[in-house]
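To keep things clear, I will list the structure first and then write my remarks on it.
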Number of protein chains: 2
Amino acid sequence: MARPRSFDEADVVARAREAFAETGFAGTSLDTLLEATGLARQSLYNAFGGKKELFIRAFLSDTAEAIEAVESIRHGSDSPITRIRAQLVKMAVAHGAAQAPPSLFTKAAVELSARDPEVASTAAAAFETMRTHYAACIAEAQEAGEIDGAADADSLGAFFCAVIEGMGTLGATGIPRATLLDIGFTSLAAIPITELGRARLGTNDGDWS
Amino acid sequence: MARPRSFDEADVVARAREAFAETGFAGTSLDTLLEATGLARQSLYNAFGGKKELFIRAFLSDTAEAIEAVESIRHGSDSPITRIRAQLVKMAVAHGAAQAPPSLFTKAAVELSARDPEVASTAAAAFETMRTHYAACIAEAQEAGEIDGAADADSLGAFFCAVIEGMGTLGATGIPRATLLDIGFTSLAAIPITELGRARLGTNDGDWS
DNA sequence: AACGTTATTGACTGCTTGGTCTAGAACCGT
DNA sequence: ACGGTTCTAGACCAAGCAGTCAATAACGTT
């Protein structure tokens, strides 16, 4: 019936996400965006509506991905406490990569939350969801006897959200990966791990340099 | 010999800091800045050189203040472990204030570290200094018998830097103060506190709602 | 192969940006 | 009160900005 698009919408959003993550919303011009995505001015307006709308698309996409990454700790063949540690390691490695800008999720939350209620509430809701996932995994570990049943799973969940966000900010400044890993392992000490849990984790923290 | 300035330089930097903290570097126009500081265009250029230079001044000023706030935990009449807890509470309260934008220190680190090596290295050095202060306070607590001497003070120092940065990001999104306080208290559990230390802290976490 | 529909192209617009220039005002030491 | 120096005020500038428009190109359907 009509001329088909010469670009993949999801692909454009992904490229826009990279651009916005690097220079932020205000710091990324439309021209930069067009170059990064490869599409023409009017195509961007036809398909997305404008700069702000494309940004929101990219932001929501990144937020969904961040949530998904946390959600993944609820499944897996390893024991729950092991999965928590693995998540901390994964995040430390990701945020400790050289010249890795913070995720768009974090960047948008810091840049725009004060002025844009939509961004703020989306980010806040995302943290709430992440906290739930951590808490569920901790509760599972409690049922498995790896963590003291008296521990407050919700508090620990919020705590891990904060630690990982903190790693993101520190990592953005170029703090070495080893330090971030150290932070991750240190945060594990906030969990009252049982003898069984400790045995499941093993003594080996691994070599992540 | 000549006409004196009609403004206080430090005061202008302070006002600029608020403006930049609210809307970031790229998001704050020179006109906004002039309105916020109350000075005329040329005066800003005479006194500071330009937008970028004023930003750096504000950023450095905020960074120094952030470091000073952490440095303060090394002194005081309370016992070291008590001072650490008080610092966590102070940060949670500060970052949990309604409509409180993140500090310029944090905002600049997230917005510009990827592109501006000066900002990145300044922020990284600031974190290193903060870590040192935390570590020194923890070491003092170890000598006082409040914390297990086997604990790694440096690791705990970096850990608290991350927790507090995380509280800043979460707080920016509007997460309630109570949650931030919860995070602070939870993070305390990562410290191997001795019986004596626990007694010094008391059982009362206080009412901070 | 002709048509209707949609995508692309690039010129264009009005506004905002950071930064400069020039003229005049305010102050201090003498 | 005067002169030298510095500060301030507001007009000014070129470049960059987000967004629009009209003309053209590419496709699927019939």
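A quick note: this is a predicted structure, and the numbers were derived from the prediction, not measured. Below, chain A is the first sequence line, B the second, and so on; all start at residue 1.
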Please give, in whole Å, the distance from [N] [atom2] to [X] [atom1]?
X       : N      : atom1 : atom2 : result
B:Leu44 : D:dA9  : CG    : C1'   : 14 Å
A:Glu9  : C:dA7  : CD    : C1'   : 13 Å
A:Asn46 : D:dA25 : CG    : P     : 18 Å
B:Phe48 : C:dG19 : CZ    : P     : 14 Å
A:Leu34 : C:dG10 : CG    : P     : 12 Å
B:Leu30 : D:dG10 : CG    : P     : 16 Å
B:Leu33 : C:dT17 : CG    : C1'   : 13 Å

**Message:** Return whichever of B:Ala40 or A:Lys51 has its heavy-atom-nearest nucleotide of DNA chain D closer to the 5' end.
**Reply:** B:Ala40
**Toward the 5' end of DNA chain C, by each residue's nearest nucleotide, B:Phe25 or B:Pro4** = B:Phe25
Which nucleotide sits closest to the side chain of [X]: [options]?
X       : options                : value
B:Asp31 : C:dT20, D:dC27, C:dT17 : C:dT17
A:Arg3  : D:dG19, C:dG19, D:dA25 : D:dA25
B:Tyr45 : D:dG19, D:dT8, C:dG19  : C:dG19

**Message:** Hydrogens and angles aside, do A:Ser79 and A:Thr82 bring a side-chain donor and acceptor to less than 3.5 Å of each other?
**Reply:** yes
**Asked** Strictly by modelled atom types, are B:Ser113 and A:Thr173 linked by a side-chain donor-acceptor pair under 3.5 Å?
**Response** no
When you check the phosphate oxygens OP1 and OP2 of [N], does a side-chain N or O of [X] lie under 4.0 Å from one of them?
X       : N      : result
A:Ser6  : C:dT8  : yes
A:Ser29 : D:dC17 : yes
B:Arg5  : D:dC7  : yes

**Message:** Mind checking if B:Thr28 touches a base, just sugar-phosphate, or nothing, with heavy atoms under 4.0 Å?
**Reply:** sugar-phosphate
**Prompt:** Would you say the side chain of A:Arg41 and the base of D:dG19 hold a donor-acceptor pair, judged only by whether the two atoms sit under 3.5 Å apart?
**Reply:** yes
**Any N/O donor-acceptor pair, B:Gln42 side-chain to D:dC7 base, under 3.5 Å** = no
**Request:** Before accepting this row, confirm whether a basic side-chain N of the pair B:Glu65/B:Arg17 lies closer than 4.0 Å to the acidic partner's carboxylate O.
**Result:** yes
**Prompt:** Got B:Arg41 and B:Leu30 here, is their nearest side-chain heavy-atom distance under 4.5 Å?
**Reply:** yes
**Message:** Is the distance between the ring centroids of B:Phe127 and B:Phe105 under 6.0 Å?
**Reply:** yes
